[in-house]
Amino acid sequence: MRKMVFGLLCVAGLAFAAEPEYVIAIRDHRFYPSELTIPADTKVRIVIDNRDSTPGEFDSHPLNREKHVPANSKETLFIGPLSPGRYAFEGESRGDPPTSEKGVLVVR
Amino acid sequence: MYGSRFLASRCPKIPHGQIRNDSQSKTPFAASLLGSTRITRVAIAMALLFSSAVTRAVDPSTYLLLPSVTQGEREIDLRSGWGSGDAAVDAVKAAGMGFGYGVTQHWFSEVAVQYRRTGNAGTEFDAFEWENILQLAEPGEWPVDVGLAVELERPRDTAEGTGVRVGPLFQKEFGMMQANLNVLLGRHIHSAQFESTTLSYQGQLKYRYSQPFEFGIQAFGNVGAVNRWTSYEKETHRIGPVVLGKFPLANERSLSYNFGFLIGTTAKSPDRTLRLQLEYEF
């Protein structure tokens, strides 16, 4: 019984850890890269790395995600599986002056 | 916030209304005759407990709770609703205002005041509410997004005790479609009137057509006490179309709306419910 539970936990762990990981950095209120390509029909993990000293944001209606990223910190998003296409996202900073930046997720 | 809570149509938070027995609102004359003595309260409580009319008035400003949380986001939430009346249920108008804050990436908290007008009675303060949403995982991390709602309500009528409502919130995306299902258990603690734990649900299926315009169907219901199932006709069930949307404003601010028209499917449900919610996020 213990072996079976352990096996199930291992399978579950692999299932949750298997996503390909991508990083989008925020520097000077801009996304790097501003266009990121990911595979179709695959769930991916995207780390938003905000290297600014002000809070940043990743916001996308097509992806149904909104994430505030505190200054000098990272946040993780889980996206997909998605059909091929282009999915726009944008960010906003409360800096002085406030800025807005756009990007796109290309799914192939 | 996407899938945002706003669009959420959260139930009258511990639906004061949902837990309250309808017959309560129909006994003010008797209460005034008897006065506000302890005997009167006991008599009314007994009458409520043993009443065959176990209908629970629904809160027309009910809204859907969502399992997602955005840290640092503040919101001012205005909601109102109107439920039609007939021989079985009183007409009810309800309105509320709340202030919410995303305390962490996984915890959203909102305090609110709720007002209510039943039948021809005047509008009166109904309850203080404290709503908490716990996001258990990042959206998309699990096959189904899961959150937990924990709500407390302090009704104006202290004899009702403190209302508590707890339950899981589920959300699943299918492309541009989004499905939600919430199962909530409600109970009044230290209440002289209500002893049972009640079960209610909220559901939604919507198409996220565009940010300013999404549409779908929402449903709300209360199946009554979990240890004493009533017949379907004595439960409250409402379902109907909803339109929702969000308009981004400068400097990370936004205005969201959520407008629904619900049709009652049982005798104890309002035939028609109109509901409007506005949320200013900043």
Side-chain angles (χ1 to χ4, degrees), chain A residues 12-13 15-19 21 26 29 38 40-48 50 54-71 73-85 87-102 105 107, chain B residues 1-7 66-75 101-106 108 135-146 171-180 206-214 244-254 256 279 281-282:
Chain A
F16 281 107
E19 305 92 9
E21 182 174 299
I26 300 176
H29 313 304
I38 64 171
D41 304 319
T42 305
K43 180 177 164 182
V44 302
R45 173 196 302 254
I46 297 179
V47 177
I48 309 297
N50 182 12
T54 54
E57 184 187 42
F58 179 98
D59 192 355
S60 172
H61 182 266
L63 296 170
N64 203 18
R65 295 287 183 273
E66 179 179 13
K67 197 75 175 175
H68 288 224
V69 188
S73 62
K74 299 177 182 178
E75 295 293 344
T76 301
L77 297 173
F78 292 86
I79 307 285
L82 294 173
S83 303
Y87 299 81
F89 61 85
E90 59 185 28
E92 215 170 6
S93 168
R94 291 173 185 258
D96 186 20
T99 58
S100 178
E101 177 63 6
K102 297 184 187 305
L105 202 62
V107 181
Chain B
M1 174 189 308
Y2 279 109
S4 45
R5 324 183 53 278
F6 75 71
L7 311 183
L66 295 177
S68 52
V69 170
T70 301
Q71 183 181 16
E73 189 168 77
R74 294 163 290 180
E75 66 179 43
Y101 181 64
V103 183
T104 72
Q105 293 281 10
H106 297 277
F108 173 86
Q135 176 184 294
L136 301 186
E138 289 300 319
E141 184 175 2
W142 294 351
V144 176
D145 298 334
V146 183
Q171 179 170 301
K172 178 68 177 174
E173 296 166 28
F174 307 93
M176 296 299 279
M177 296 293 294
Q178 178 181 310
N180 292 84
K206 73 171 180 178
Y207 184 71
R208 300 184 307 103
Y209 179 74
S210 67
Q211 189 167 27
F213 181 69
E214 300 177 332
L244 355 106
K246 176 177 176 179
F247 299 95
L249 305 173
N251 227 358
E252 282 191 77
R253 297 164 194 234
S254 64
S256 302
E279 204 170 76
E281 297 170 352
F282 59 104

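To find a chain, count down the sequence lines: A is the first, B the second, and so on, and within it residues start at 1. This is a predicted model, so every value here is computed, not measured.
- Of the atoms belonging to A:Pro70, it is side-chain heavy atoms, and not backbone ones, that fall under 4.5 Å from chain B.
- Proximity to chain A is limited to the backbone of B:Tyr209, based on heavy atoms less than 4.5 angstrom apart.
- When the options B:Lys246, B:Gln211, B:Glu214 are evaluated for a side chain to side chain donor-acceptor pair (under 3.5 Å) with A:His61, the one that passes is B:Glu214.
- Partners of B:Tyr101 according to the ring pair (Phe, Tyr, Trp, His ring centres under 6.0 Å) rule, which considers only residues two or more places apart in sequence or in another chain, do not exist here.
- Counting heavy-atom pairs closer than 4.5 Å to chain A, the top-ranked of the candidates B:Gly175, B:Ala137, B:Gly140 is B:Gly140.
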Worked verdict on A:Arg45 versus B:Glu138 for salt bridge (Lys or Arg N to Asp or Glu O under 4.0 Å): CA-CA 11 Å; A:Arg45 173 196 302 254; B:Glu138 289 300 319; over 6 Å; no
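- Residues B:Glu73 and A:Glu57 are not in side-chain contact: their nearest non-hydrogen atoms beyond the backbone lie 4.5 Å or more apart.
- Residues that satisfy the side chain to side chain donor-acceptor pair (under 3.5 Å) test with B:Gln105, not counting sequence neighbours, are A:Lys67, A:Glu75, B:Gln71.
- When heavy atoms are compared at a cutoff of 4.5 Å, A:Leu63 approaches chain B solely by way of its backbone atoms N, CA, C and O.
- Atom-to-atom distance recorded for A:Asn64:CG and B:Gln178:CD is 5.0 Å, nearest 0.5 angstrom.
- Annotation: A:Lys74, atom NZ; neighbour count of heavy atoms from other residues, nucleotides and ligands within 6.0 Å does not exceed 12.
- Neither the backbone nor the side chain of A:Ser83 comes within contact range of chain B; no heavy atom of the residue lies under 4.5 Å from a heavy atom of that chain.
- Closest approach of B:Trp142 to A:Lys43, counting heavy atoms only: N-NZ, 4.2 Å.
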